[in-house]
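Keep in mind that this is a model prediction, so the values were computed, not measured. Order of appearance sets the numbers: ligands from 1, and atoms from 1 within every ligand. Computation of the quantities below employed the complete heavy-atom set of this structure, encompassing side-chain atoms and omitting hydrogens, waters and symmetry-equivalent molecules. Residues take their numbers from the sequence shown, with the count starting at 1.
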Amino acid sequence: MYNVEITGTGRYLPDFRVSNDDIAQFVDTSDVWISERTGIKERRISIRENTTDMAVEAARRALQDAELRAEELDLIVVATVTPDNFFPSTACLVQARLGATRAVAFDISAACTGFIFALSIAGQFIKTGQYQKALIIGSEVLSKIVDWQDRNTCVLFADGAGAAVLERGKQGIISELLGSDGTGAEKLACSAVPLQNKFTGTCSDAENGSGSKFIRRDYITMNGREIFKFAVNIMPECILQVLENTGYSLKDVKQIVPHQANIRILEAAAKKLAINKDKFYVNLGHYGNTSGASIPIALDEMAEKGLINPGDLLIIVGFGAGLTYGAQLLRWTKESSRK
Ligand code: ACO
């Protein structure tokens with residue numbers, strides 16, 4: 001079996017910054033509440049780019065970092081819960097825009113655990129030898145499915161994209177675990193088009209024609225306390241499990257790169273693991289929760305700052321709607337070319 005190395009990373013954040021004070025202009029909240037309860041100070045919101053646009057830009061930067069041409073890619077996997085279209089997939093649109101003519105392309109849906117699922121899926125193809133070079137992307141425009149009148153959710157979610165190039169190598173993914181618990185599905189959800197058609201008896205020809213009732217928009221709904229409890233338990237569990245039987249302990253891990261949801265979740269997880277909270281890389285203060293994009297954005301930022309170097313052990317860990325969760329123990333192999 002081969003292994004899988006991350007040979008390039010890239011990120012794209014929209015320019016438009018929205019502060020907590022900006023949000024307090026239209027919902028009953030405050031900078032103090034949001035900062036203290038979540039750690040978020042500001043976030044980027046897209047006013048021009050959709051999910052594919054941001055995915056393409058993050059991908060271009062990752063390819064450049066990996067010094068790879070798009071035509072060399074065998075596979076593109078995009079993790080998103082906010083695609084531009086039901087179909088074609090975001091990955092197919094990215095493939096066309098990059099000119100990745102040889103690549104098989106498809107999307108996956110695992111919400112905030114999306115990047116971890118994408119790494120695992122693409123990684124399997126590389127480990128078995130079927131493919132050699134893959135591009136994985138987490139790209140989200142959550143602002144289009146946020147209810148901007150709901151203070152429970154609109155203060156949390158934001159937009160962004162992160163990408164990684166994967167290539168066949170000798171080391172990389174040391175261990176991994178993925179998990180799903182569909183019994184918790186309703187705790188964090190956003191429904192799509194309801195079952196409603198000419199034959200269900202609920203839409204008239206007139207409605208069908210005008211489209212006004214036929215097209216229903218839905219928004220993120222969340223039981224924040226339940227998700228908080230889930231996250232605080234599952235993150236430490238994933239971290240410990242991914243270390244099991246590897247011969248490594250938390251002491252050997254340079255940095256844990258978690259899904260960026262809430263600073264209090266990370267503090268509680270650190271406490272459970274009896275580790276310093278600085279072991280977690282945190283950038284949620286600037287970007288909020290960008291779902292499947294948060295981990296690759298963090299990895300790219302860390303690489304750029306020279307915070308991760310060849311030989312370092314990292315754990316990436318996420319949780320999210322589904323419910324889903326997962327983690328990978330990685331040996332970083334990429335020399336930073338951008339210090
Ligand atoms: N501003 C002011 N007050 C608020 C706000 C706000 N933005 N939001 C909620 N409140 C109020 C509530 O209405 C409540 O008031 P009440 O006591 O009068 O009813 C009070 O604050 C406390 O509410 P809680 O829900 O108990 O607040 P909590 O401390 O749990 O923080 C939060 C809420 C931040 C949502 C937290 O539960 C959390 O982070 N949960 C996890 C959410 C998450 O990470 N989701 C993403 C998962 S990843 C994915 O897949 C997308």
**Message:** A quick test of your reading: do over 12 heavy atoms of other residues, nucleotides or ligands sit less than 6.0 Å from CZ of F228?
**Reply:** yes

**Message:** I need the contact type for T29 against ligand 1. Using non-hydrogen atoms and a strict under-4.0 Å cut-off, is it side chain, backbone, both or neither?
**Reply:** both

**Request:** Counting heavy atoms only, name the option from K229, M222, Q260 that's nearest to atom 35 (C) of ligand 1.
**Result:** M222

**Prompt:** What do you reckon, is CD of Q64 surrounded by more than 12 foreign heavy atoms closer than 6.0 Å?
**Reply:** no

**No-hydrogen, no-angle side-chain donor-acceptor test under 3.5 Å, T101 and E71** = no

**Which segment of D28 sits under 4.0 Å of ligand 1 when only heavy atoms are counted** = backbone

**Request:** Within a distance under 4.0 Å of any heavy atom of A321, pick out the atoms of ligand 1 and give their elements.
**Result:** 49 (C), 50 (O)

**Request:** Check each heavy atom of N289 against ligand 1 and say whether those closer than 4.0 Å belong to the side chain, the backbone, both or neither.
**Result:** side chain

**Message:** Just to be sure I'm reading this right: ignoring hydrogens, which of R264, R225, E36 gets closest to atom 17 (O) of ligand 1? Compare them by their nearest heavy atoms.
**Reply:** R225

**Prompt:** Side chain, backbone, both or neither: which part of A111 has a heavy atom under 4.0 Å from ligand 1?
**Reply:** side chain

**Message:** For atom 18 (O) of ligand 1, what's the nearest protein heavy-atom neighbour? Residue, atom name and distance, please.
**Reply:** R151 NH2, 5.0 Å

**Request:** Give the residue and atom name of whichever protein heavy atom lies nearest to atom 43 (C) of ligand 1, and the separation in Å to one decimal.
**Result:** I227 CG2, 3.6 Å

**Message:** Does the protein place a non-hydrogen atom closer than 4.0 angstrom to atom 32 (C) of ligand 1?
**Reply:** no

